[in-house]
Amino acid sequence: MPSAKKPSPGGGDSLTSASDDIAAFVAKARAMSPHAAGARGRLVFALDATMSRQPTWDMACALQADMFREAAALGSLDIRLVYYRGLNECRATGWISDSAQLAKLMSKIDCRGGNTQIGKVLSEARREAVASAVRAVVFVGDAMEEAVDQLCVKAGELGMLKVPVFMFQEGNDGVAEQAFKEIARLTGGAWCRFDPGAAAQLRELLRAAAAYAAGGREALLRLSKTGSGAAKLLGQMK
């Protein structure tokens, strides 16, 4: 029986392996096209469902059909709902292509107290980006209670996969704003604030994100001529 290979001093083998893994990841990320011809648009729709978010959850439930309607003019859109609440509960649905189905599902979910779990949202988005070519991520929340540097690492991975994250912040929390802006920057996405309970503002932002997921930057550019939400996103995206 051959003896096991001893690691080189200083962990050289593990360093080489890590470098190879990183190189393979970068090569795969660069080869991926965020908008493959003929592919359905895919959008991860992530929501903070902690206790304070119930009014916004209800509002998002009422507005989500607008995302499908906006995308319908450009092609098609599949949405995967991701939400967190309570004590370490973070869940994701399957891919949904019908607004009535998504609304029915959302109406059965109640908000529960707990801390933010944005890191889990970003990890789920990265997994789906590799598995099913996600074109964009939308996150709606009002707080950030995690280690921002760890969130930035996850955001950087999404940026390498060319998956922009649109961070829509309700309210004026300064800590959340700083983190949300950095996540948006690292992914090539955008950060926008909307006033608490402002359905019209959130509607415009969701429509713009759906347009991007279904038709890319060109669709967002066209929408920006008539919609303020699209103009806000386009102004930040690189």
Just so I know, are the side chains of [X] and [Y] near enough to count as touching, which here means a heavy-atom distance under 4.5 Å?
X    : Y    : value
D173 : D142 : no
R112 : L87  : no
D66  : L206 : no

Residue [X] excluded, over 12 heavy atoms near [atom1] under 6.0 Å:
X    : atom1 : result
R91  : CZ    : no
Q178 : CD    : no
Q150 : CD    : no

I'd like to know if [X] and [Y] make a salt bridge, using a cut-off of under 4.0 Å between side-chain N and carboxylate O.
X    : Y    : result
K154 : E157 : no
E124 : K120 : no
R80  : D78  : no

Next item on the list: Mind running side-chain contact (heavy atoms from CB on, under 4.5 Å) on V44 and W95 for me, showing each step along the way?
Entry: CA-CA 9 Å; V44 171; W95 288 104; 4.2 Å; yes

Next item on the list: Nearest 0.5 Å please: distance from the CG atom of D48 over to the CE atom of M144.
Entry: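 It comes to 12.5 Å.
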
Next item on the list: Would you sort out whether Q169 and W191 count as a side chain to side chain donor-acceptor pair (under 3.5 Å), showing the intermediate values?
Entry: CA-CA 7 Å; Q169 179 185 352; W191 164 88; 2.9 Å; yes

Item checked: side-chain contact (heavy atoms from CB on, under 4.5 Å) partners of A198, counting only residues at least two apart ->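 With neighbours one apart ignored, the set is D195, Q201.
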
Checklist line | Contacts of type ring-ring contact (aromatic ring centres under 6.0 Å, His included), residue F139, not counting sequence neighbours | finding: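 ring-ring contact (aromatic ring centres under 6.0 Å, His included) list for F139, sorted by chain: F180.
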
Next item on the list: For Y84, enumerate each residue passing the ring-ring contact (aromatic ring centres under 6.0 Å, His included) test, keeping only those at least two apart in sequence or located in another chain.
Entry: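 In terms of ring-ring contact (aromatic ring centres under 6.0 Å, His included), with neighbours along the sequence ignored, Y84 is linked to no residue.
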
Note to self: Closer than 3.5 angstrom, by distance alone: can the side chain of E128 be matched with the main-chain N or O of V134 as a donor-acceptor pair?
What the structure shows: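 Absent.
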
Note to self: Can a donor-acceptor pair be found, under 3.5 Å and without considering hydrogens, that links the side chain of E70 to the backbone of A211?
What the structure shows: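 Not confirmed, E70 side chain does not pair with A211 backbone.
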
Item checked: Option among T50, N115, D110 that satisfies the side-chain hydrogen bond (donor to acceptor under 3.5 Å, both in side chains) test with R85 ->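 Only one of T50, N115, D110 forms a side-chain hydrogen bond (donor to acceptor under 3.5 Å, both in side chains) with R85, namely D110.
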
Next item on the list: Applying salt bridge (charged side-chain N to carboxylate O under 4.0 Å, His left out), run through E177 and K181 and close with a yes or a no.
Entry: CA-CA 6 Å; E177 178 178 336; K181 283 182 173 179; 2.8 Å; yes

